Protein chains: 2
Amino acid sequence: MRLRTPSDIGALIRERRRALGLDQRTLALRVGVSRQWIVEAEGGKRGAPVGLVLRTLETLGVGLRAGEDAAPAPGGRTVGAAVDIDGILAAHRRKGVAKR
Amino acid sequence: MRLRTPSDIGALIRERRRALGLDQRTLALRVGVSRQWIVEAEGGKRGAPVGLVLRTLETLGVGLRAGEDAAPAPGGRTVGAAVDIDGILAAHRRKGVAKR
DNA sequence: TCAATATGTCGTTGTACGACGACTTATGAA
DNA sequence: TTCATAAGTCGTCGTACAACGACATATTGA
């Protein structure tokens with residue numbers, strides 16, 4: 001499963017929680033958060049602290065792995081990110097210049 | 001790379017940012033956060049919102065994948081997490097869940 | 001029917017977070 | 001040396017968040 005948004009993570013949490021037969025209250029107890037937090041996390045709350053999210057996933061027995069990604073930024077305003085090789089090389093070459 | 005804590009994510013961000021030859025200011029600009037936020041995120045700030053973290057990673061061209069994990073909860077107070085088959089089965093039996 | 005459970009939602013409150021600005025240190029170039 | 005950039009840190013402030021408690025719906029079972 002590929003995770004791009006908080007909603008993805010929320011769906012993952014819900015899916016795994018149900019697969020394990022846990023209710024929200026029990027999961028909340030184990031993770032050490034409030035039940036409401038679980039509700040909102042599953043709903044894809046954008047502001048959920050990454051620390052709690054990681055704890056939750058770990059409690060559910062789900063591991064997160066990072067993979068270099070050849071094709072970034074597919075669907076977002078997220079950025080003009082991509083990799084901008086020119087900028088990178090320029091910065092590397094001259095190290096300092098770039099001038100903003 | 002396996003991500004377990006905010007520190008792991010911070011290290012990942014720093015590593016990828018440097019690999020791409022970006023400075024904190026530029027990355028912050030692209031992600032849409034303050035430079036200070038990048039500093040703290042790289043330092044493994046516990047509270048960083050998962051939404052921003054995901055945006056950052058995506059900007060860096062890093063994808064996150066979830067994998068079911070056979071061996072959970074290695075080093076944390078994190079819990080008696082694991083899977084607790086008994087509880088699961090009990091819950092399932094009681095409800096005739098199947099429902100899913 | 002009523003009772004219990006699971007989930008979602010609504011207020012309230014204290015706290016932590018993120019943005020902004022400025023300062024400091026370190027490194028490298030002119 | 002001086003100057004510019006990069007990175008880290010501090011203080012302030014407004015806002016978002018997580019916890020708590022309570023209530024509203026299903027849904028299921030007695």
Side-chain angles (χ1 to χ4, degrees), chain A residues 5-7 9-57 59-60 78 84 87-100, chain B residues 5-7 9-57 59-60 78 84 87-100:
Chain A
T5 67
S7 293
I9 292 181
L12 174 63
I13 292 176
R14 164 155 299 184
E15 188 182 299
R16 289 291 297 171
R17 178 178 62 80
R18 291 201 166 148
L20 294 177
L22 299 174
D23 59 37
Q24 295 175 334
R25 187 180 60 83
T26 303
L27 176 58
L29 218 68
R30 292 190 180 177
V31 177
V33 296
S34 65
R35 188 175 64 82
Q36 290 86 339
W37 187 89
I38 298 292
V39 172
E40 292 175 2
E42 290 186 353
K45 191 167 195 188
R46 44 202 184 73
V50 67
L52 293 183
V53 170
L54 286 174
R55 279 232 311 270
T56 304
L57 290 178
T59 299
L60 291 170
T78 321
D84 189 27
I88 297 169
L89 292 183
H92 268 248
R93 254 185 288 115
R94 323 230 3 237
K95 185 77 165 39
V97 173
K99 179 59 173 188
R100 125 46 98 269
Chain B
T5 66
S7 294
I9 292 181
L12 174 62
I13 291 175
R14 161 155 302 185
E15 187 181 301
R16 288 292 294 169
R17 176 178 63 80
R18 292 202 164 147
L20 294 178
L22 299 174
D23 59 37
Q24 294 175 335
R25 188 179 60 84
T26 304
L27 177 58
L29 218 69
R30 291 189 179 176
V31 177
V33 296
S34 65
R35 187 176 65 84
Q36 290 87 341
W37 187 87
I38 298 292
V39 173
E40 291 176 2
E42 290 186 351
K45 192 166 193 187
R46 300 76 54 197
V50 67
L52 293 183
V53 171
L54 287 173
R55 280 228 316 266
T56 304
L57 291 179
T59 300
L60 291 171
T78 321
D84 191 27
I88 297 169
L89 292 182
H92 270 246
R93 257 184 282 115
R94 260 158 50 87
K95 313 208 41 170
V97 169
K99 192 53 192 267
R100 178 186 194 262

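Not measured: the values here are computed from a predicted model. Order of the sequence lines sets the chain letters (A, B, ...), proteins ahead of strands, with each chain counted from 1.
Taking atom CG of Asp23(A) as the reference point, atom C1' of dA6(C) lies 7 Å away to the nearest angstrom. dA19(D) atom P lies 16 Å from atom CZ of Arg25(A), rounded to whole Å. Distance CG (Leu22(B)) to C1' (dA7(D)): 15 Å, rounded to an integer number of Å. Distance CD (Gln24(A)) to C1' (dT9(C)): 12 Å, rounded to an integer number of Å. Per the geometry, CG belonging to Leu20(A) stands 17 Å off C1' belonging to dA6(C), to the nearest Å.
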Summarise how protein sits on nucleotides 13-23 of chain C as a single string, 5' to 3': B when a protein heavy atom is under 4.0 Å from the base, S for sugar-phosphate-only contact, - for no contact. ----SSSBBB-
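Between Arg14(B) and the phosphate of dA6(D), there is no side-chain N or O to OP1/OP2 separation shorter than 4.0 Å. A close approach under 4.0 Å does not occur between any side-chain nitrogen or oxygen of Arg17(A) and OP1 or OP2 of dA6(C).
Here the CZ atom belonging to Arg18(B) is positioned 13.0 Å from the CD1 atom belonging to Ile13(B), to the nearest 0.5 angstrom. If you take CG on Leu57(A) and CZ on Arg16(A), they are separated by 9.5 Å, rounding to the nearest 0.5 Å. Interatomic distance, OG of Ser7(B) versus CD of Glu42(B), reported as 12.0 Å (0.5 Å rounding).
Two residues are said to be in side-chain contact when any heavy atoms from C-beta on lie closer than 4.5 Å; Pro6(A) and Leu54(B) meet this criterion.
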Trace of the side chain to side chain contact (heavy atoms under 4.5 Å, CB included) decision for Leu22(A) with Leu60(A): CA-CA 10 Å; Leu22(A) 299 174; Leu60(A) 291 170; 4.3 Å; yes
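When the C1' atoms of four end pairs are superposed on the next four at each end of the helix from dT1(C)-dA30(D) to dA30(C)-dT1(D), using five pairs per end, the two resulting axes differ in direction by 30°, to 10°.
In this structure, the side chain of Thr59(A) engages the main chain of Arg55(A) through a donor-acceptor pair within 3.5 Å. Arg35(A) contributes no side-chain N or O that, together with a main-chain N or O of Gln24(A), makes up a donor-acceptor pair within less than 3.5 Å. Put simply, the side chain of Thr56(A) gets close to the backbone of Leu52(A): a donor and an acceptor are under 3.5 Å apart. Using modelled atom types, no side-chain atom of Arg46(B) and backbone atom of Gly51(A) make a donor-acceptor pair closer than 3.5 Å.
Along DNA chain D, the nucleotide nearest to Thr26(B) and the one nearest to Val39(B) differ in position, and the one closer to the 5' end is contacted by Thr26(B).
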